[in-house]
Protein chains: 2
Amino acid sequence: MTPSRQTSKVTLKDVAARAGVSISTASLVFSGRGPVADATAERVRQAATDLDYAGPDPTASALRQGRSGAVAVVVEERLLHAFRDPFALAVLDGLAQELDALGLSMLLVADHGDGESNPLAAHAVDAAVFPLCGRADSSLVDHLVARTIPIVGAGAPAHGSVVHVMVEERAAQADAAQHLVDLGHERLAHVTMPLAPTPPPGPPRTVSRGEIADAAYADARERALGFLDVAPTGTIVEASRADVAEGEAAGRLLLDVPAAERPTGIVAQSDLLAAGVIRAAESLGLRVPDDISVTGFDAVDLPWLDHTLTTIEQPGEAKGRLLGNLTRRLLAGENPSDTPFPVTLRLGDTTAPAPH
Amino acid sequence: MTPSRQTSKVTLKDVAARAGVSISTASLVFSGRGPVADATAERVRQAATDLDYAGPDPTASALRQGRSGAVAVVVEERLLHAFRDPFALAVLDGLAQELDALGLSMLLVADHGDGESNPLAAHAVDAAVFPLCGRADSSLVDHLVARTIPIVGAGAPAHGSVVHVMVEERAAQADAAQHLVDLGHERLAHVTMPLAPTPPPGPPRTVSRGEIADAAYADARERALGFLDVAPTGTIVEASRADVAEGEAAGRLLLDVPAAERPTGIVAQSDLLAAGVIRAAESLGLRVPDDISVTGFDAVDLPWLDHTLTTIEQPGEAKGRLLGNLTRRLLAGENPSDTPFPVTLRLGDTTAPAPH
DNA sequence: GGTACGAATCGAATCGATTCGATAGTCTGG
DNA sequence: CCAGACTATCGAATCGATTCGATTCGTACC
């Protein structure tokens, strides 16, 4: 219904013809790369306007130049779950800022894990980023390596060609546990994020040391090991998702028991899980931190939570920017190495000396 | 440091040469489009394996076929803010599901609004989606139209070439307000989302009828008009962001006044804002719904909220899928028209008869 | 006045595939 | 035994730009 539907696409050739110059000259006008007389440039621009030319075709340009201006951002789960955690969102945001400044766009790619469909085979990208710690191996990596596309990751996938931003998950989580021990807590428990891509559905469940060691997700595994370093006899419960509802369920599982068996300190692997645990505690009539101490991980902003969590401070936006930086350097031909990303324990009001 | 860095990229030509067939035959093997003898196909595949060929170059393929397999998903703000609302995330997720099924990927594009840099000029996309209601006009639209790229939107941008999913914002919000009137409430107030891309920073503020009429964001404007249809004398407050913190600030502004002036019913334009208002009320010692009734919009899942909001039910995932469907039909050459998306009032426990 | 130089422009090769029409070879049936 | 149908393969054109080396032209300098 538009007044004049263009019958065929306008190309640089058409513009050049109308301006009375060669295609190469017209190209120079748009790329601004070569010396072009002002008058000529103006004629070309006028012709482009007349013909409604929208600029050089990005595909053709990409083919010739060998770069597409897009970076694949790979997430494992459905977007809904991947970005429900404010921490993931912060990382994405930081990454977006950095890439934006480089004129790169993000191609959101879901890695379903079935080696079958390869969502990347059909797309031209200049680099790939795995911004969230996922499973240790991804079939996508082999493909990317074969295409000689640089890869940046946040702890996963584990592969020699992936440049990583590395967090000392184990030590950090041990710090949180040690903090509780220092406060006199003796019965500690731990709530993990999912240990594998498809955790057993249903309510949170207690997991064994062996299951920890075999966990497919490195971040969950390392944090659990850090907890065990400090509290070797502590109970460990796996949430099937790292969100408030699962955290609350895990909290109820741990806390809805006779007082003598009840842990007094709970180390959660994420702030959302910690918030859930706190909700569980309070709904059972237990006060935080008087009766129960709780720690989180990430230090995200939860305006609806009436506590300041004791947690591991991990600035997500900065992490995302760092990922972006590594991407830039790889694209510039540099050879950056894995980069540590420091995190620290932040004291809040959800931990206090053990009761009694 | 990889053992054998390929000196030059492997192309279809190399594979064809090694397999002893023509380029065209090799192409047929990968696209599976033409009749190829099993033995030949096998030889080609073997050659590809030998040479570490990662499949046809997506850029070249895109150029020849005229489609890139990517869809631009345009959001206005920084990603961090755009997807902080679970509703936005749900829409994105539904859209992702639908596009995934079509073999399309999402190119996340931030529309900064400055007509200067055009993030889309450099990228090949087959369609563009504006999944969240944003400002009425975007300079990107003209560019997309010139490139004859189909566009789908959720209420914005307003342009003849954009196919929309349409929500009766005004009527829906009026329903919520009417519900409060039916319960006997006489002093009503309204908390709006930002009315324009860059709302005055600082705390929420009361806005005039004129500012409503001039609002750049159609959804905020229409909802406010719906509120006014029912409560022409109600107070209206604009939040500078649609999140819990701003909702709480707006709530305090409205409720921290002498009881005689205090509204007994507050209609918020989003669930997050409503949750914030509830927090403000409770921190002032007011009970919801006994003292104050509050309504939201969207019916998102807020596991941390100890209420079931009375709200407008707007299934975000379904909305996203609908956007995906329209995209599919446009790409298939169909000519779909704007599609209504029904929303309904859902009663929860945050509204009750007016006190006294 | 002729040569050398720089600026502006152009022609043609190239990026790496897809696809159409042509050709060679195989099989069926009358 | 040959016309007709069908299968497998190939050559060449094409998608729409970018870019390198060559060409043209005017000017400055000796």
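First the proteins, then the strands, lettered A, B, ... as listed; each starts at 1.
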Exercise for the section: Report which part of the nucleic acid B/Pro35 touches: base, sugar-phosphate, or nothing (heavy-atom distance under 4.0 Å, all strands). Expected result: base
Exercise for the section: Look up atom CZ in B/Phe130 and atom NE2 in B/His164, then write down how far apart they are to the nearest 0.5 Å. Expected result: 9.5 Å
Problem - CG on B/Leu12 to CG on B/Leu51, rounded to 0.5 Å - result: 11.0 Å
Fill in the blank from the handout: Heavy-atom nearest pair, A/Pro131 first then A/Leu323, reads CA-CD1, 3.8 Å
Practice task
Applying salt bridge (Lys or Arg N to Asp or Glu O under 4.0 Å), name anything that partners A/Asp50, two or more places apart in sequence or on another chain.
Solution key: A/Arg18
Problem - With B/Glu98 via side-chain contact (heavy atoms from CB on, under 4.5 Å) - residues at least two apart - result: B/Arg321, B/Asn325
Practice task
Can you sort out which residues in residues 17-24 of chain B have a heavy atom within less than 4.0 Å of DNA chain D? Ascending by number, please.
Solution key: B/Gly20, B/Val21, B/Ser22, B/Ser24
Practice task
Go through the structure and list residues passing side-chain hydrogen bond (donor to acceptor under 3.5 Å, both in side chains) with A/Thr59, not counting sequence neighbours.
Solution key: A/Asp57
Handout entry: Heavy-atom closest pair, residues B/Leu331 and B/Ala127
Key = CD2-CB, 4.2 Å
Practice task
With a 4.0 Å heavy-atom cut-off, tell me which residues in residues 58-65 of chain A come close to DNA chain C, sorted by residue number.
Solution key: A/Leu63, A/Arg64
Exercise for the section: Could you list the residues that satisfy salt bridge (Lys or Arg N to Asp or Glu O under 4.0 Å) with B/Arg67, not counting sequence neighbours? Expected result: B/Asp126
If you restrict it to nitrogen or oxygen atoms, what contacts under 3.5 Å exist between nucleotides 25-28 of chain C and the protein, and what is each distance?
none

Problem - Overall bend - the helix from C/dG1-D/dC30 to C/dG30-D/dC1, comparing terminal axes fitted on five pairs, nearest 10 degrees - result: 50°
Exercise for the section: Report which part of the nucleic acid B/Ser27 touches: base, sugar-phosphate, or nothing (heavy-atom distance under 4.0 Å, all strands). Expected result: base
Completion exercise
Across all chains, not counting sequence neighbours, the side-chain hydrogen bond (donor to acceptor under 3.5 Å, both in side chains) partners of B/Thr25 are B/Ser22
Exercise for the section: Could you pull out the closest heavy-atom pair between B/Ser105 and A/Pro119, with the gap in Å? Expected result: OG-O, 4.3 Å
Exercise for the section: Have a look at B/Val73 and tell me which of B/Leu107, B/Val91, B/Leu92 forms a side chain to side chain contact (heavy atoms under 4.5 Å, CB included) with it. Expected result: B/Leu92
Problem - Contact summary for A/Gly103 and B/His123, nearest pair of heavy atoms - result: O-NE2, 4.5 Å
For residues 29-38 of chain A, tabulate all N or O donor-acceptor pairs below 3.5 Å that involve a side-chain atom, not counting sequence neighbours.
unit_1: A/Ser31; atom_1: OG; unit_2: A/Ser27; atom_2: O; d: 3.2
unit_1: A/Ser31; atom_1: OG; unit_2: A/Arg33; atom_2: N; d: 3.4
unit_1: A/Arg33; atom_1: NH2; unit_2: A/Gln65; atom_2: OE1; d: 3.4

Handout entry: Residue pairs fulfilling salt bridge (charged side-chain N to carboxylate O under 4.0 Å, His left out) with at least one residue in residues 150-164 of chain A, sequence neighbours excluded
Key = none
Exercise for the section: Have a look at A/Thr40 and say if it touches a base, only the backbone sugar-phosphate, or nothing, with a 4.0 Å heavy-atom cut-off. Expected result: sugar-phosphate
Problem - Span of DNA chain D, from the first to the last nucleotide whose atoms fall under 4.0 Å of chain A heavy atoms - result: D/dG16 to D/dT19
Exercise for the section: Could you tell me whether B/Arg135 and B/Asp111 have a side-chain N and a carboxylate O separated by less than 4.0 Å? Expected result: yes
